[in-house]
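Residue numbers start at 1 and run along the sequence shown.
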Amino acid sequence: MSPDYRPMWKGLGLDLEAHDALLGVLGPLYEQTFTKQHNRPAGMAYFDFVMSEVHGLRIKELMDAKEAGRKVVGTYCTYVPEEIVLALDGVMVGLCAGAEFATAEAEKFLPRNTCALIKGAFGFALARVCPYLTASDVVVGENTCDGKKKGYEIFKDLVPRLYVMDLPQTKSPAGRALMRDEFKKFAAYLEELTGRKLTIEAFKKGIAMVNAKRAVMHRLAKLRAADPAPISGLDGLLMNQIYFYDDPARFTQSVNKICDELEQRIARREGVAPKGTPRILISGCPMAVPNWKLPSIIEKTGAIIVGEESCVGERGTQALTADTGRTVDELLDAVVDRYLKIDCAIFTPNESRVEHVLQMARSLNAQGVIHYGLLFCSPYQVEAGPVERRLEKEGLPTLRIDTDYGQEDVGQIQTRVEAFVERLRG
Ligand code: BJ8
C-alpha cells in the first residue's frame, strides 16, 4: 500500500479535493486503457507502477532532490535543453496538460478558441492539481506558437517563477544565432539558480545522460518495425510520455529491459496483434498524459500504431547531441545543432518534417498515417494539408483528425478511423 501523500500534497499547495477528483478519473481511465490490453510485455509492469505513483513516489523523489539542494525545472516544450539542466544538477520534468481541467476557469484568461494543451496548462495551474508544477523551482516557457507566446504573458502571474525562452522561427544562420544566444542565457540563468558552474565535465555528463535516454528510444522504435508488432502503440506512447518525468537513468534501464523482451518476442514471432494487422503511424501535435483518446480508438478498431511523429515521440527524441566538443562553447554549439533538428511546425519552412514522416513510415512498415491536429493549433492544422498531399502522392494513405480532449466526437472519430482502416486493408 502506498504511503499517505496527502501531507506532501498539502505542503505543495494543492487543492486536495480537486486533486482527489483528478486522481479519481485518472486511475480508472488508465486501468481501462492499458491494463486490459492483449499480451502486454511483462516489462510494462514498471510503467504501470510509475503511473500508479505518478503523483506519489516520483513527487516524493523530487522533494528529496530539492531537500538535497537540487532544483526542479518544469517545462512545456521539447526545445528546452535538458543537457544543460542535468549538467547543472537540476531535475527536469515535463508539465503535461493532456486533459481538460477547470476549463471554465481557464477560459476566463484565454479565448475559447485556444488549443486544449494551453487551456489544460492553465486549468491545471488554476485548479492547483499538479504537484509537478508546484514542485518546480522554475517553470520554463518558450516562445513557439502564438498561443503559448501570448499565454505566458498571463501565465507568469499564475506560477511563482516563470522563465521565458525566445526561439527562432526559421533555421537560418540568424535563427541559429538566436537559439544559441537564448540557450547561453538559459545556462547563465540556471547557473545562478543552482549556484553551480557549467563545466565541461558536467556538460559532458548531462549530454551522456540525455543521449542514453534518446538512444534507448531509438532502439525501441526499431523493434516496433516488426510484424507482428511486439508492443502496442498505446504502450509505446506511454513510454514516450513517461520519458518526460521519470529519473533518466532508471527510465533508460527500464526501456532497455523492455527492448530485450521485445527482441525475444520478435525471435519467437510473437506479437500483440496478428501478423498482417494494419499498421499506422501517428503524426502531429504532442499527446501529453493522459491524452490517450485517439490511440485508444485506433487500436480498438483492430489496427496497430507503430510510431509517433510527435514531440511526445520521435520528433522529440530523434537526434543525439555530439559530445566531442573540447570547450563549453563547443558543446553548446553541439546542443544548438541538435535542437535545431527538431521539426516543429512553428518553423517556416518546415520541409524536413514531412521527409521525417515519410522516412518513419517506411522504416516502420506503416501502411497509413493519421495526422493528429489539436483544434485551434494553427501550426499543425495548417501544415496538415501539405503533409497529407505529399504523403498521398507518395502512396501513403493519410487521414486527418482534428480534435480536442473532449469525448463528444469519439463516435464520429471511430467511424472515420474504421473507414480508414478498411482502406488500408484494401
Ligand atoms: S516543439 S509541438 S512541444 S511547441 S498544440 S501549444 S503548437 S497551438 S505543443 Fe509544441 Fe514545443 Fe512545438 Fe513540440 Fe501551440 Fe499547437 Fe497548442 Fe502546441
Give a yes or no answer on whether the side chain of Glu394 reaches the backbone of Leu358 with a donor-acceptor pair at less than 3.5 Å. no

Which pairs of donor and acceptor atoms, one on a side chain in residues 126-139, lie under 3.5 Å apart (sequence neighbours left out)?
unit_1 : atom_1 : unit_2 : atom_2 : d
Arg128 : NH1    : Gly13  : O      : 2.9
Tyr132 : OH     : Val54  : O      : 2.5
Thr134 : OG1    : Leu12  : O      : 3.2
Thr134 : OG1    : Cys130 : O      : 3.4
Thr134 : OG1    : Pro131 : O      : 3.4
Ser136 : OG     : Tyr132 : O      : 2.7
Asp137 : OD1    : Lys66  : NZ     : 3.1
Asp137 : OD2    : Lys66  : NZ     : 3.4
Asp137 : OD2    : Val72  : N      : 2.7

Closer than 3.5 angstrom, by distance alone: can the side chain of Arg279 be matched with the main-chain N or O of Asn365 as a donor-acceptor pair? yes

Quick one: does Glu309's side chain have a donor or acceptor within less than 3.5 Å of a partner on Leu281's backbone? no

Does the cation-pi check pass for Lys171 over Phe347, that is, NZ or CZ under 6.0 Å from the six-membered ring centre and within 45° of its axis? yes

So, Asp260 and Lys257, do they make that salt bridge, N to O below 4.0 Å? no

Thinking salt bridges, do Arg423 and Glu392 make one under a 4.0 Å N-O criterion? yes

Is the ring pair Phe251/Phe47 parallel, tilted or perpendicular, if the boundaries are 30 and 60 degrees? perpendicular

Nearest-0.5 Å distance, CD of residue Gln359 to CZ of residue Arg362: 9.5 Å

Does a salt bridge link Glu142 with Lys149, judged by any charged N lying under 4.0 Å from a carboxylate O? no

Closer than 3.5 angstrom, by distance alone: can the side chain of Glu299 be matched with the main-chain N or O of Ser296 as a donor-acceptor pair? no

For Lys150, enumerate each residue passing the side-chain hydrogen bond (donor to acceptor under 3.5 Å, both in side chains) test, keeping only those at least two apart in sequence or located in another chain. Glu153

Quick test of your reading of the model: are Asp333 and Arg176 salt-bridged, counting only N-O distances below 4.0 Å? yes

Should the ring pair Phe124 and Phe101 be called parallel, tilted or perpendicular, given that the plane angle runs from 0 to 90° and is split at 30 and 60? tilted

Please check if the side chain of Lys293 supplies one atom and the backbone of Asp404 the other of a donor-acceptor pair under 3.5 Å. yes

Might you confirm whether atom CD of Glu351 has over 12 heavy atoms from other residues, nucleotides or ligands at distances under 6.0 Å? no

Asn350 backbone acceptor or donor facing Asp343 side chain under 3.5 Å: no

To the nearest 0.5 Å, atom CD of Glu182 lies from atom CG of Asp166 at 5.0 Å

Whether Tyr189 and Tyr163 hold their rings parallel, tilted or perpendicular, with breakpoints at 30° and 60°: tilted

Looking at Lys205 and Glu83, is any side-chain nitrogen of the basic one under 4.0 Å from a carboxylate oxygen of the acidic one? no

Could you work out, with side chain to side chain contact (heavy atoms under 4.5 Å, CB included) as the rule, every residue matching Ala208, not counting sequence neighbours? none

Phe155 vs Phe122 aromatic rings, parallel, tilted or perpendicular, using cut-offs 30° and 60°? tilted

Nearest 0.5 Å, please: how far is CZ in Arg250 from OG1 in Thr252? 11.0 Å

Do the side chains of Arg6 and Asp20 get close enough for a salt bridge, i.e. N-O under 4.0 angstrom? yes

